[in-house]
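If you read the sequence from its start, that first residue is 1, and numbering goes on from there.
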Amino acid sequence: MYQIVLVDDDRLVTTFLEKMIPWEQYGFEVKAAFSDSVEAYEYLQSNSYDVLMTDIGMPRMNGIELITKIKEEKASSCNIIISCHGEFEYAQQALKLKTFDYILKETMNEEDIIDMLQRLKSHLDQQKQELTSKNKIRKYLSENHLVLKSTFFKRVMRESTNRSSDWRVEAEEQLGLSFPFDHYVVIHCNIDQHQMVADRFQDETLLKDCIANIMEEALADRQEGVHLIYWNRSFFILYPLMERTSQATIKHALKEMQAKLQNCLQSTMTCTIHPVIEPRGELERMKELLHHQDQRFHYEYGSIEEFQVKTYQKGSVFKSYTADVEQVKTAILNKDPNKLDNWFAEQFQTERINQHSPEALKDWATMLTLDLKVSLNALHHFDRSSAFSVKSDRIQDTENVQDLETLMKDIFHSYMEQVYQMESASQNEDIAKAKRYIYSNLDKKISLKEISTHLHLNSSYFSRLFKQETGQTFIEYVTTLKMEKAMGLLDNSTKTVEQISYDLAFDSKSYFIRTFKKYVGVSPKAYKYKKDDVCS
């Protein structure tokens, strides 16, 4: 039912309308009737209704004045004028106010009013349907604005090289987005350790919306007209550039946004500002930031960086790879966390200066991690079903050098812990000490008598104990370690067979070759060439 309010200083008119017209039959009900226009105005201000039917000529406030005042406050109300024949000039004013209709009192009858109500009902139904559709559209746009903006910008960026139309006009028409400024600063923002934050939320969509709400609220407090665009687990900010806007102003706004994210989500965000400002060149700057987003790998978490194209270190990160493997392996087998942490500190401090490409650095870390795993497995220091090997898969997903260093430390300390557990569980302390001594002295000739003296044990007793604990004789165990190291040197160094035999304290090159062939099945030279063929 649509609600109607009647106003006429002639009480007979309102009584006639109330009693003689079957309002409900045509979808209406009379909510109130007034003979005083001022009282009617006070009522209309504070009560809801759909239609106002009012006389024009009334004391204190005429109908035109009443409609004018009400339209200022309730532009959506529908108005009908009841007029006398001699008040045509008022009727003209009523038409200017876009009233639905006006009725002459002297010819007013039930049939004419019912006809008017039927037309009015159709008009109001259509308005209601249009309003419902608009509300649905507004609701849909509001609930899906991040996804819709993301889809829109991905499309226009994809089509930007062949575009003849202005994407800003399309954004206004399709999404109701306004871009009134000629210049916008483009900023690319990434949530640091995104996967860890997402795991904490357990809902990617909820996380995205939560981050967007925090960012929009923080930025709106600093500057109107900011646009936020979601882009594959990151965000673009288009920040209006005006006379009072400086780089310092923008950075201060970003710091406030980062602080709110830290307080609300306990997470940090790294922001990259594109320094080039060209009128209507936002799409190209967004493309450039995306094309070089791997540079974020060398940014610190929570930093605000000014974008510039980097030239990565051309020298190979594998230059000292063999030495790295040996140094880390020795620290792990000797269960020396300080030596391991010192290696990390030195290695990554050098990397922060050199800055190799993220791809090369991740490949180096992956190979180092897996080579250590294989080597330690071969030395029977690991349970082969260990879950620690799974962690190496995460290396390729690390977001920056800081993240890579933390992950590798975690993996290598886990290796060290497992070495400790395996040695404690499977053998006595003397055998553990013997193994560490052997590994640390592979560049020397190691005799049974020498190591027995080192452990203050009888040689015969130590030989039986070693065989019982390891399943190998002392000589077999030493040979195994030396051959494992030889294969590592052949795989990862340019040393000759003669140099390797010397490094492993063999009496002659020929003796080393015979021992290697017996252990591996092929000669050192054949092993190296076969390895090279596989790699090529």
Measure the acute angle between the ring planes of Trp167 and Phe152, then classify it against the limits of 30° and 60° as parallel, tilted or perpendicular. tilted

Between Lys251 and Ile273, is there a side-chain heavy-atom distance shorter than 4.5 Å? yes

Please answer whether the main-chain N or O of Asn263 pairs with a side-chain N or O of Gln266 as donor and acceptor at a distance below 3.5 Å. yes

Anything under 30° is parallel, anything over 60° is perpendicular, the rest tilted; go ahead and classify His298 against Tyr312. tilted

Could you name each residue pair satisfying ring pair (Phe, Tyr, Trp, His ring centres under 6.0 Å) that touches residues 247-267, not counting sequence neighbours? none

With distance as the sole criterion, is a donor-acceptor pair present between the side chains of Tyr437 and Glu450 under 3.5 Å? yes

Between Lys435 and Glu469, is there a salt bridge with N-O shorter than 4.0 Å? no

Please work out whether the ring planes of Phe236 and His188 are parallel, tilted or perpendicular, with thresholds of 30° and 60°. parallel

Between Asn342 and Glu346, do the side chains contain an N or O donor and an N or O acceptor separated by less than 3.5 Å? no

For the residue pair Tyr519 and Glu476, confirm or rule out a side-chain donor-acceptor distance under 3.5 Å. no

Heavy atoms only: give me the nearest Ser414-Asp410 pair and the separation to one decimal. OG-O, 2.6 Å

Donor-acceptor check, side chain of Thr470 to backbone of Phe466, threshold 3.5 angstrom: yes or no? yes

Which pairs with one or both residues in residues 289-312 pass salt bridge (Lys or Arg N to Asp or Glu O under 4.0 Å), sequence neighbours excluded? Asp192-Arg296, Arg296-Glu399

Glu282 and side-chain hydrogen bond (donor to acceptor under 3.5 Å, both in side chains): which partner among His274, His183, His227, Arg168? Arg168

Verdict with supporting geometry, Glu170 and Arg155, salt bridge (Lys or Arg N to Asp or Glu O under 4.0 Å): CA-CA 11 Å; Glu170 291 183 39; Arg155 178 177 63 80; 3.2 Å; yes

Contact list for residues 353-370, test salt bridge (Lys or Arg N to Asp or Glu O under 4.0 Å), sequence neighbours left out: none

Any side-chain donor near an acceptor of the partner, Ser460 and Ser463, under 3.5 Å: no

Taking all non-hydrogen atoms of both residues, which atom of Tyr239 and which atom of Ala253 are closest, and how far apart? OH-CB, 3.9 Å

For Leu455, does its backbone N or O pair with a side-chain atom of Lys433 as donor and acceptor, under 3.5 Å? no

